Amino acid sequence: MSVVREGDAGEIRRFAEEQKITFPILEDRDRAFSRPYRAISTPTFILIGPDGVIDSVNTTGNVNYYTVLMAKVKALILKPAAP
């Protein structure tokens, strides 16, 4: 899912359609989600495993953030969740 802190809802929806984003995009105007996770830059990618534990926090300032993030996502997808 994606969490958006600011922006026009129509603009966000159009962007998602243009980029063919199919996962949920939630609005977080009151920072109820971003504050506890310390998401201070945009975008911030927080990878939470199936067990609910934060695996990593990545921002665009990190070197190769997208490559690292996708490798972690693929590893989590391949790992079965605990019963």
Side-chain angles (χ1 to χ4, degrees):
M1 93 175 122
S2 175
V3 178
V4 178
R5 294 183 300 167
E6 302 173 354
D8 172 78
E11 183 179 324
I12 293 165
R13 194 171 28 260
R14 282 189 296 280
F15 175 80
E17 289 170 1
E18 289 171 5
Q19 300 300 314
K20 298 183 179 17
I21 295 173
T22 58
F23 49 81
I25 299 176
L26 308 175
E27 291 187 56
D28 187 31
R29 295 186 190 281
D30 63 356
R31 309 287 197 264
F33 178 84
S34 56
R35 189 176 298 115
Y37 288 101
R38 298 182 183 153
I40 57 173
S41 67
T42 302
T44 296
F45 300 96
I46 302 169
L47 186 60
I48 302 172
D51 56 1
V53 175
I54 295 175
D55 177 84
S56 59
V57 177
N58 298 280
T59 65
T60 55
N62 293 352
V63 177
N64 299 322
Y65 76 94
Y66 186 76
T67 303
V68 171
L69 179 66
M70 292 313 297
K72 288 177 177 266
V73 167
K74 287 177 184 177
L76 285 171
I77 289 172
L78 297 175
K79 187 187 307 180

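In this text, all values refer to a predicted model and were calculated from it rather than measured experimentally.
- More than 12 non-hydrogen atoms from other residues, nucleotides or ligands lie less than 6.0 angstrom from CZ of Arg31.
- Listed by chain and number, the residues in a salt bridge (Lys or Arg N to Asp or Glu O under 4.0 Å) with Asp55 are Lys72 (sequence neighbours excluded).
- Here Ile12 pairs with Val4, Ile25 under the side-chain contact (heavy atoms from CB on, under 4.5 Å) rule; sequence neighbours left out.
- A search for side-chain contact (heavy atoms from CB on, under 4.5 Å) contacts involving Asp51 returns Val53, not counting sequence neighbours.
- Under the rule for a salt bridge (Lys or Arg N to Asp or Glu O under 4.0 Å), Arg35 has no partner lying at least two apart in sequence or in another chain.
- The side-chain contact (heavy atoms from CB on, under 4.5 Å) test applied to Glu11 returns Asp8, Arg14, not counting sequence neighbours.
- Applying the ring pair (Phe, Tyr, Trp, His ring centres under 6.0 Å) rule to Phe15 yields no partners; only residues at least two apart in sequence or on another chain are considered.
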